[in-house]
Undergrad: 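Supplied in structure tokens, the structure appears directly below.
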Amino acid sequence: MSKSGIVIALLLLLSGNHMKAQFNTVSFPCNRYKVAVENPAKTTNEKEATPEGVTSRILKSVPDKSSLPKTDKNKKEQVTRYLSVCYPLSHIKINSPYGYRKDPFTGKRKFHNGIDLYARSAKVFAMMKGKVLRVGQDKVSGKYVTLQHGNFTVSYCHLSQIFVSQGQAVLPGNVVGITGNTGRSTGEHLHMTIRHNGEYINPRIFLDYISSVKSGTYANRNI
Ligand SMILES: [Zn+2]
């Protein structure tokens, strides 16, 4: 599938029911609230630190209104969209990209089915709403978590700790585990793979998409 096809699939996924459900009956006077979802790893209270925690705090303090001026509606949509995604780590640095590379163990040319992100005992976040498809451990991936987001599955590998269990629902920003060096790994990092309908895709597409949502640059793009 082409990159634009995958992005369209992502958009369809994210424009689904959960985005509507969050703000069905509440207004969102953004002029009064600066909605900055800060680095969730900065606080110790995990629940409050997630974008969902931020959302629920704001919603509680806002009176209900039946209609909003158009500009407020647009802002509401922007905030909803902003909160619908989260980077997998607080700081993103790609150590090794997706695609063919020299295998760090054998030195031979081999397909790298994901990306390696720099990490040191870092919290790993769900990137969007979904559920835990699998939690496990094996010789290659070490401790891993696989999340399902619609037709996409995201695996986080070489973890040191796992905080979720199979079947559990996740929201963007929920902490699913801590990075580590378990399995076939030459040093601590987060190996992240993403499949779309079972086929590996470049996780950069997700990161770029999240980046565009967070910066608001994709908002008016017509695709
Ligand atoms: Zn890797």
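For ligands, and for the atoms within them, numbers begin at 1 and follow the listed sequence.
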Undergrad: Is a side-chain donor-acceptor pair under 3.5 Å present for Y200 with R195?
TA: yes
Undergrad: Report whether any nitrogen, oxygen or sulfur of C157 sits less than 2.8 Å from the Zn ion (ligand 1) (N, O or S, backbone or side chain).
TA: no
Undergrad: For N/O/S atoms only: which one belongs to H191 and is nearest the Zn ion (ligand 1)?
TA: ND1
Undergrad: Keeping S185 on the side-chain end and T182 on the backbone end, is there a donor-acceptor pair under 3.5 Å?
TA: no
Undergrad: In D116, which N, O or S atom comes closest to the Zn ion (ligand 1)?
TA: OD1
Undergrad: Decide if atom CZ of F111 counts as having more than 12 heavy atoms of other residues, nucleotides or ligands within a radius under 6.0 Å.
TA: yes
Undergrad: Between T179 and H189, is there a donor-acceptor pair closer than 3.5 Å when you use the side chain of the first and the backbone of the second?
TA: no
